[in-house]
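Worksheet: one structure, shown below.
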Amino acid sequence: MNQDDGHNGPLYEEKTRKAHVAELQQAAPSKKSFLIQIYGPSLGRNFPVDRDLITIGRDPANTIQVDQENVSRQHAKLERISPSVFIEDLGSTNGTYLNDLAIKRERLRHGDLIKIGGVVFKFVSGGNIEGLYHEEIYRMTITDGLTQVANKRYLYEFLEREIARTIRFGRPLSLIMLDIDHFKQINDTFGHLAGDYVLKEMCKELLKQVRREELLARYGGEEFVVVLPETALSTAATMAEKLRRVVANHHFSFAGKDISITISLGCAELSPMATDPNVFLHEADARLYEAKRAGRNRVVA
């Protein structure tokens, strides 16, 4: 005899289904949503999620074509099941990553980052879709799409502001320039997706050490800069050594393979006689290359 005691049977199944639908409706994005490409070719391109099925892959027949070797012909799909949007990997060779985690199928939330091959999309959803789009475009002008730290443009804006402040109030200003040792070898051995992972994972760890009034920025490639307002050279050197240890001791693992990572760092303090940002950066860069010539995985200040 089938007996519905509140924990099994058709009544319980219907309650469970309604509860699941209610959960999706509560946390789901608005029907108006889109993907914006924040890293890779066609930077800033906008793909509206305006149909129930959107496919992503290397094949031109896909709704969104990503023409890269490390992208499968049919790589992933977006499925709109009102009021939610789901992303599903289609058995791709290199996987689909949502917020740096490999996924099979997940529901998307506003602000999620989707990595497919060498391209990063951001899922944007909300009421004022036009406002959100322009806000994201502005973020792209000051943020590195892969690592989500400040980009070179914003680094110069920040430096000019802090240099002017340093001169006005007579306070010290230092910066650290750092570079991943043998990064090309990492790409050649483990592949470019592993190289992207190392850059993102390293930045994630470095950001934990950087205070709100300081700045971590991607200068270019595998080279990064930390700007330290109101910090003398000796303190900057101590900070640099801390960053060196953080990276050297961190466990980097991609696709089941451990990757050993070290960084070299150079420090400089702003001189009252040379207040040009390029001169300041060049001085730290020269110390960085001293560290590399001395054997790497060290700080020169």
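If you're wondering where the values come from, they're calculated on a predicted model, not measured in any experiment. Quick note: numbers below take in every heavy atom, side chains included, and nothing from hydrogens, waters or symmetry partners.
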Before accepting this row, confirm whether a basic side-chain N of the pair [X]/[Y] lies closer than 4.0 Å to the acidic partner's carboxylate O.
X      : Y      : value
Arg139 : Glu135 : no
Arg161 : Glu157 : no
Lys122 : Asp112 : no
Lys204 : Asp100 : yes
Lys184 : Asp188 : yes
Asp89  : Lys77  : no

Does the side chain of [X] reach to within under 4.5 Å of the side chain of [Y], using non-hydrogen atoms?
X      : Y      : value
Leu146 : Leu199 : yes
Leu228 : Leu215 : no
Tyr219 : Leu281 : yes
Gln148 : Cys203 : no
Val247 : Ile261 : yes
Cys267 : Leu233 : yes
Met177 : Phe224 : no
Val124 : Leu35  : no

Original post:
Val299 and Arg287: side-chain contact (heavy atoms from CB on, under 4.5 Å), yes or no, with the steps?
Top reply: CA-CA 8 Å; Val299 175; Arg287 305 274 174 84; over 6 Å; no
What pair of heavy atoms forms the shortest contact from [X] to [Y], and how long is it?
X      : Y      : result
Ala237 : Ala301 : CB-CB, 3.8 Å
Met239 : Gln209 : CE-O, 3.2 Å
Ile142 : Tyr154 : O-CB, 3.6 Å
Ala217 : Leu155 : CB-CB, 3.9 Å
Val210 : Glu214 : CG1-CB, 3.6 Å
Ala232 : Ser174 : C-OG, 3.4 Å

Can you tell me how far the [atom1] atom of [X] sits from the [atom2] atom of [Y], to the nearest 0.5 Å?
X      : Y      : atom1 : atom2 : result
Ser33  : Arg109 : OG    : CZ    : 14.0 Å
Thr231 : Glu213 : OG1   : CD    : 8.0 Å
Gln68  : Asn94  : CD    : CG    : 10.5 Å
Asp276 : Glu160 : CG    : CD    : 8.5 Å
Arg107 : Glu79  : CZ    : CD    : 14.0 Å
Lys242 : Leu265 : NZ    : CG    : 13.5 Å

Could you tell me whether the side chain of [X] and the main chain of [Y] form a donor-acceptor pair under 3.5 Å?
X      : Y      : result
Arg80  : Pro83  : no
Lys292 : Ala294 : no
Asp144 : Thr147 : yes
Arg298 : Arg296 : yes
Ser271 : Met273 : yes
Ser42  : Arg45  : no
Thr238 : Ser234 : yes
Asn249 : Arg245 : yes
His75  : Gly95  : yes
Glu223 : Gly220 : no

**OP:** Start with the C-alpha distance between Arg244 and Glu241, add both sets of side-chain angles, then the distance that settles salt bridge (charged side-chain N to carboxylate O under 4.0 Å, His left out), and finish with yes or no.
**Re:** CA-CA 5 Å; Arg244 186 197 67 77; Glu241 177 58 25; 2.7 Å; yes
Original post:
Under 30°, 30 to 60°, or over 60°: which ring-plane class applies to Phe252 and His250, parallel, tilted or perpendicular?
Top reply: perpendicular
Original post:
What do you reckon, are the aromatic ring centroids of His282 and Phe280 less than 6.0 Å apart?
Top reply: no
Subject >> Aromatic ring proximity, centroids under 6.0 angstrom, Tyr197 and Phe254 >> reply: yes
Subject >> Step-by-step side-chain contact (heavy atoms from CB on, under 4.5 Å) determination, Ile38 to Met140 >> reply: CA-CA 7 Å; Ile38 64 170; Met140 287 173 55; 4.1 Å; yes
Between [X] and [Y], do the side chains contain an N or O donor and an N or O acceptor separated by less than 3.5 Å?
X      : Y      : answer
Tyr156 : Asn278 : yes
Asp181 : Ser264 : yes
Asn297 : Thr262 : no
His192 : Asn70  : no

**OP:** Please test Lys32 against Asp50 for salt bridge (charged side-chain N to carboxylate O under 4.0 Å, His left out), starting from the C-alpha separation and ending with a verdict.
**Re:** CA-CA 8 Å; Lys32 291 184 177 180; Asp50 54 1; over 6 Å; no
**OP:** Could you give me the CA-CA distance, side-chain angles and deciding distance for Thr55 and Gln74, then say whether side-chain contact (heavy atoms from CB on, under 4.5 Å) is met?
**Re:** CA-CA 7 Å; Thr55 58; Gln74 283 80 37; over 6 Å; no
Cluster link [X] to [Y], ILVMFWY, side chain under 4.5 Å:
X      : Y      : answer
Ile87  : Val49  : yes
Leu288 : Leu270 : yes
Ile54  : Leu108 : yes
Ile167 : Val227 : yes
Leu193 : Phe183 : yes

Original post:
Are Arg105 and Phe86 in a cation-pi setup, meaning NZ or CZ lies under 6.0 angstrom from the ring centre and within 45 degrees of the ring axis?
Top reply: yes
Subject >> Test salt bridge (charged side-chain N to carboxylate O under 4.0 Å, His left out) applied to Glu230 and Arg165, step by step >> reply: CA-CA 10 Å; Glu230 303 204 15; Arg165 182 172 172 273; 2.7 Å; yes
**OP:** Begin with the C-alpha distance, continue with both residues' side-chain angles, and end with the deciding distance and a verdict on side-chain contact (heavy atoms from CB on, under 4.5 Å) for Phe121 and Leu113.
**Re:** CA-CA 6 Å; Phe121 299 99; Leu113 299 181; over 6 Å; no
